[in-house]
Structures are given as C-alpha cells and as structure tokens.
Amino acid sequence: MTIAIDTLPQHRLLHSIERLPSAEIDVSSNDKQKNSRRYSLNSRPRKVHFAETPKVHEVLHYEDYTPGEYIKTWYTRREVPYLKKEAQTTLRLMKRGTTLPEGYTSRGLENKSRQMAIARRAARSAATMAVLHEQRRQQNAGYFDGIMIAEAYGEQTQHAMKAAIEVAQTYLLEDEEC
C-alpha cells in the first residue's frame, strides 16, 4: 500500500522509503497490518512536498514512549487551554503595538491574524489549483513529469518560503544578540 507522505499519522519506525513519482512513501507491511486503522487517507490534511533527495527519519510511535518520554514530549489537556489563552493575550498585545512584557514572545504568532489566515487559505488554494492544472495538462498530453508539477507548486509557494526564511533570519539575529 502506498500512502502520500503527509497523510501519514505518526507511526512506528519506518524502515524504508522509496522515491516514488508522486512524492509518496511505501509503509512496510508489518506496520500496515498492526496499525491499519491509522492509515486512512482522509484522517489527516493532505500536503504536497518535493525534495531533490528524500530524507529518512526514524520516529518512535508515541505509544512506544516511556512514561517519562511521553510527559517530556506532549502537553497535558490542562496545559493546552492555558497555552491558547497565553497566545491570545500575546496576539492582543501585538495588535495594539504594545511592547511585550518579560516572559512573552511573538515567535510563531507573526502570521496569526485573520487577514493572514485568509491570505494563507488563498495561497494554499492557488497552489493546489496550479498542481491540479499541471496534472490535468500532463494527463491530456499523455505523460507524467513530477518535476514540472513541483515547479508549478513552487511558483505559487515561493513567496511563503521567502517570508519564512526572513522570519528565521530575524530569529537568528535575535538569538545572536542574547
């Protein structure tokens, strides 16, 4: 069974990944049999990623964590509402243009406004449409070229990548100042 990379929920250790034309991976049959309920294609949002060289990361399934690893890795149900409330408070301060007090950070919240959510949704839709258009064009012409599909996607997402790099560079400069 072949499953697109980002439709995979967390899973037991991956042992092999093949570079397939549509950026998919093949899950070992042992994992499929043990956890077949976890591999529903509709259970996770689908995303498209392309890379020149695939990277393999062995990831321990959360059910195989020791109690200590689990506590260090996951937030508790009690912590999540607190974190959300803290983020909302920080966003309100940012919206007002107020200098953030000690202990508050805007990292990761830069694009969390309604306007940015609308812009991200539109950009995601444009990227999806570009990929679907290229796939349809290739299908009508009778061939498949994953690189051309990746390029169609890249043209639509290039601005987001540049923005992410700029934010990362800002964080790096801030960290160097400390």
Side-chain angles (χ1 to χ4, degrees), residues 1-63 73-74 80 84 87-88 91 94-95 106-173:
M1 174 179 195
T2 300
I3 300 174
I5 289 174
D6 283 339
T7 60
L8 267 175
Q10 289 185 328
H11 48 80
R12 301 206 186 276
L13 293 178
L14 286 177
H15 298 288
S16 66
I17 293 182
E18 293 179 37
R19 175 102 190 246
L20 300 175
S22 56
E24 297 175 328
I25 63 172
D26 188 21
V27 179
S28 69
S29 60
N30 291 340
D31 288 343
K32 286 188 299 192
Q33 291 168 355
K34 289 180 190 173
N35 303 304
S36 60
R37 64 180 165 74
R38 291 191 185 136
Y39 293 97
S40 167
L41 290 177
N42 296 323
S43 66
R44 302 278 305 251
R46 297 180 188 190
K47 296 180 183 177
V48 178
H49 297 277
F50 297 93
E52 288 298 317
T53 307
K55 295 179 182 177
V56 178
H57 300 279
E58 289 189 350
V59 179
L60 189 64
H61 189 272
Y62 76 93
E63 290 178 354
T73 304
W74 299 97
V80 172
K84 286 183 179 181
Q88 289 170 347
L91 286 168
M94 290 168 57
K95 190 174 183 178
S106 63
R107 283 193 180 192
L109 300 176
E110 299 87 355
N111 297 316
K112 293 296 182 182
S113 68
R114 289 190 203 285
Q115 295 88 352
M116 289 304 294
I118 292 167
R120 278 193 312 275
R121 202 173 303 124
R124 194 175 313 121
S125 178
T128 300
M129 294 306 293
V131 168
L132 293 173
H133 174 76
E134 180 61 25
Q135 287 175 332
R136 189 174 304 114
R137 191 186 69 72
Q138 289 181 18
Q139 186 178 30
N140 290 341
Y143 71 95
F144 174 84
D145 186 342
I147 294 187
M148 288 181 74
I149 294 170
E151 288 173 355
Y153 181 80
E155 288 172 12
Q156 295 296 319
T157 59
Q158 192 172 29
H159 66 283
M161 182 178 64
K162 286 179 183 177
I165 289 169
E166 287 174 12
V167 169
Q169 288 171 337
T170 302
Y171 289 164
L172 182 61
L173 291 174

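All heavy atoms count here, side chains included; hydrogens, waters and symmetry mates do not.
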key: For Ala130 against Ala152, the heavy-atom pair lying closest together   = CB-O, 3.8 Å
key: With sequence neighbours excluded, residues passing side chain to side chain contact (heavy atoms under 4.5 Å, CB included) with Arg114   = none
task = Please identify each residue that fulfils side chain to side chain contact (heavy atoms under 4.5 Å, CB included) with Leu91, with sequence neighbours left out.
result = Met94, Leu109, Lys112
task = Can you sort out the partners of Arg124 under side-chain hydrogen bond (donor to acceptor under 3.5 Å, both in side chains), two or more places apart, ordered by chain and number?
result = none
ask   = Taking atom CD1 of Ile149 and atom NE2 of His133, what is their separation to the nearest 0.5 Å?
value = 11.5 Å
inquiry  = For Gln135, give me all partners under side-chain hydrogen bond (donor to acceptor under 3.5 Å, both in side chains), at least two apart in sequence or on another chain.
reply    = none
ask   = Among all residues two or more places apart in sequence or in another chain, which pass the side chain to side chain contact (heavy atoms under 4.5 Å, CB included) test with Met116?
value = Asn111, Ser113, Arg120
Sequence neighbours excluded - salt bridge (Lys or Arg N to Asp or Glu O under 4.0 Å) pairs with any residue from residues 130-144 = Glu134-Arg137
query = Mind checking what makes salt bridge (charged side-chain N to carboxylate O under 4.0 Å, His left out) contact with Arg121, not counting sequence neighbours?
reply = none
ask   = Which atom pair, heavy atoms only, marks the closest approach of His159 to Ala123?
value = NE2-CB, 4.0 Å
task = With sequence neighbours excluded, give me every salt bridge (Lys or Arg N to Asp or Glu O under 4.0 Å) pair touching residues 155-168.
result = none
ask   = Partners of Thr128 by side chain to side chain contact (heavy atoms under 4.5 Å, CB included), sequence neighbours excluded?
value = Leu132
Candidate pair Tyr143 and Met148, rule side chain to side chain contact (heavy atoms under 4.5 Å, CB included), full reasoning = CA-CA 11 Å; Tyr143 71 95; Met148 288 181 74; 4.0 Å; yes
ask   = What distance separates Ile165 CD1 from Leu172 CG, expressed to the nearest 0.5 Å?
value = 12.5 Å
key: Sequence-distant partners of Gln139, side-chain hydrogen bond (donor to acceptor under 3.5 Å, both in side chains), two or more places apart   = none
